[in-house]
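Below is one structure, written out as structure tokens, with a few remarks after it.
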Amino acid sequence: MRRASYWSWLWLILGSLYFALPLLATFQFSLLAKKGEIGLTAYASVFRDSGFASSFAFSFQTALATIVISALLIVPTTYWVHLRLPELRPLIEFLTLLPFVVPAVVLVFGLSRSYNRTPLTNSHGGLHLLLIAAYVVLSFPYMYRAVDTGLRAINVRALTEAAQSLGARWPTILFRVIFPNVFVALLSGAFVTFAIVMGEFTIAALLAQPAFGPYINLLSSSKVYEPSALAVVSFALTWASIGLLQWLSRGVGQNQPGGPR
Amino acid sequence: MPFLEIVNLHKRYPGGVAVEQVNLAVERGEFISFLGPSGCGKTTTLRMIAGFETPTSGTLTIDGADMTRTPTSQRNIGMVFQSYALFPNMSVADNIGFGLRVAGRPASEIRERVAELLGIIHLADFAQRYPAQLSGGQQQRVALARALAIRPRVLLLDEPLSALDAKIRIVLRHEIRAIQRQLGITTIYVTHDQEEALALSDRVVVMNNGRVEQIGTPSAIYNTPQTAFVASFIGTLNVLPARVVNRDAGHLEVGGQVVRVGRALTDATGSQVTLALRPEIFSLNGAYGPDANRLSAVAEELSFLGPTVRVRTHVAGHALSFDLFNTTGLVLPQLGEQIELHFAPEACLVLPPG
Ligand SMILES: Nc1ncnc2c1ncn2[C@@H]1O[C@H](COP(=O)(O)OP(=O)(O)OP(=O)(O)O)[C@@H](O)[C@H]1O
Ligand SMILES: [Mg+2]
């Protein structure tokens, strides 16, 4: 017993170091912008640049849109698979792996070829939509798995039938019964999606979108200390945003002390 | 015209037949049980009434309207599930009010109806709790209230008590019956517990292998089973092979002893039949008068069960057990003692040879 806990502490500490050391090093480096003293010069310069706020806001909005669209797409689909097409589950699980297998470059190339000469590719707003669509694809594995786990935790069929017998039709069942009960599970998928979208570079750059990822990249090719400061800031902001989302969604779906059944 | 009528209902699955040729007429306000062994098609039949399954053929009429293909949400049916199926994200009050909210009833009406039902199920103080904070019995009460809130035309219950422990089961089944009587709601109750079916129902539908074996009042099902399956499925039975010695007079012979059944038989003289005798029909003290049947046997084992004492014997090489009420002054046979079992001719069940 003591031995086991000794080892688990050791692994915990090693893991934490692996995670924290690069962050600490980056942070320390970011403080050295002014020769011979430790200070926040790099941070001041990061915040002074107007591209920072605009690209961060752009990616933030894009992430939220991605999450909403993805949830609206994936919750009903996963629900239907659970309820009526359980034999399709292996196929869907295979499909969820595709975004890992298909490189982002290929995805963008495919998208821009498929939608070439449509409003999606010849306007700025259209390209933004295309970007969101690509992110929805990227979010698929995380969102699907989260929702799938959430649905497994409740008796989908009995809840559906109970609602039906009480006069509910599909939209009511989905939005009053299914969504609230997978909400907590959905959040975990949403956070991963959020983090991915905030840092994504390839697709945003290829679609020439003013996103946060390309901005960081641009900065790191032209400055020395600022990219480190930006990395620390974006890390903190992403976590703060997730915390904010969690705080905003508190209460929803949280009133289940025993967890959903 | 019956309130709910099922005609020639069939349900086939790719794997086989689940329900075959079910006919049933339920009167308004009646309490009907579906009783039968696992896999006999009780749930499937109930789910077709609820609209969760579409019959392969046959019709379902409720209150004169053909409902065979009406979607569940438009049938106005109350359903109680074995797994309770309460909405985990809603409080008890919101669960009960769900059907009324879906129907767009005004908030004040919903509040009143929810309060009324909370009173009926004795959970007035639990309105703001969540399902996960309730015991199984309480959850099932809420599920019942939720089903009743919409004033359904028919209440369907699929083994509602089988996830609960024995004591709660009995309390709750009486509660369900009392509420059902009070509201006069037509009810179909699925169970594989015969005691539950017999204790609760106006009529019992005994099913086996997807078919209806017999429909009748609990006493008819118990006392005059019409098939060998019903006779053996309900209650305990002693079965003795017998031979018809006089068809018109109703005389059988069991291991050299004559048994009179008091009515003409349908099987020809000389044919083999099964004589089925319930354990509670026997007396040792001649209480059934001089015309009673007598079988001699040897007492082999006694087990004290509380209200009754079960005596095991053999008659003509076949085991036969019977129960004596543990009344004051009961004289028990001695082990190995030769005894004479008295029983009334009307208590004999004659079944096809097993
Ligand atoms: N969806 C289905 N697909 C194929 N066969 C089914 C399906 N549902 C039920 N069956 C079959 O139909 C028969 C009747 O099942 P049903 O669930 O009605 O039995 P039951 O009487 O309710 O039994 P239990 O007491 O175990 O609940 C069973 O043999 C079952 O295997
Ligand atoms: Mg069943």
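Lettering follows sequence order; numbering is per chain, from 1. Bear in mind that the values here come from a model prediction, so they are computed numbers and not experimental data. Note that these values count all heavy atoms, side chains included, but never hydrogens, waters or copies made by symmetry.
To the nearest 0.5 Å, the span separating CD on A:Q164 from CZ on B:F52 amounts to 6.0 Å. In this structure, B:Q82 CD and A:N155 CG are separated by 10.5 Å, a value rounded to the nearest 0.5 Å. Atom CD1 of B:I150 and atom OG of A:S165 lie 6.0 Å apart (nearest 0.5 Å). In this structure, A:L166 CG and B:I96 CD1 are separated by 11.0 Å, a value rounded to the nearest 0.5 Å.
Under a cut-off of 6.0 angstrom, the local environment of OH in A:Y115 is sparse, with at most 12 non-hydrogen atoms contributed by other residues, nucleotides or ligands. Few gaps surround CZ on A:R89; more than 12 heavy atoms of other groups in view lie less than 6.0 Å from it. Within a 6.0 Å sphere centred on CH2 of A:W80, heavy atoms belonging to other residues, nucleotides or ligands number more than 12. By the neighbour-count criterion of 12 heavy atoms within 6.0 Å, atom CZ of A:F100 is densely surrounded, having more than that number from other residues, nucleotides or ligands.
In this structure, chain A has a heavy atom under 4.5 Å from the side chain of B:F98, while its backbone stays farther away. For a residue to count as touching a neighbouring chain, one of its non-hydrogen atoms must lie under 4.5 Å from one of that chain's; by this rule B:R47 touches chain A with the side chain only.
Note on B:S91, B:A147, B:A85: by heavy-atom pairs under 4.5 Å with chain A, the leading option is B:A85.
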Candidate pair B:F81 and A:L159, rule side chain to side chain contact (heavy atoms under 4.5 Å, CB included), full reasoning: CA-CA 10 Å; B:F81 300 82; A:L159 291 185; over 6 Å; no
Pair B:V102-A:T172, side chain to side chain contact (heavy atoms under 4.5 Å, CB included): steps then yes or no: CA-CA 8 Å; B:V102 167; A:T172 314; 3.9 Å; yes
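Of all residues spanning residues 61-73 of chain B, those with a heavy atom less than 4.5 Å away from chain A's heavy atoms are B:T72, B:S73, arranged by number.
In terms of modelled atom types and a separation under 3.5 Å, the side chain of B:N89 and the main chain of A:R176 share a donor-acceptor contact.
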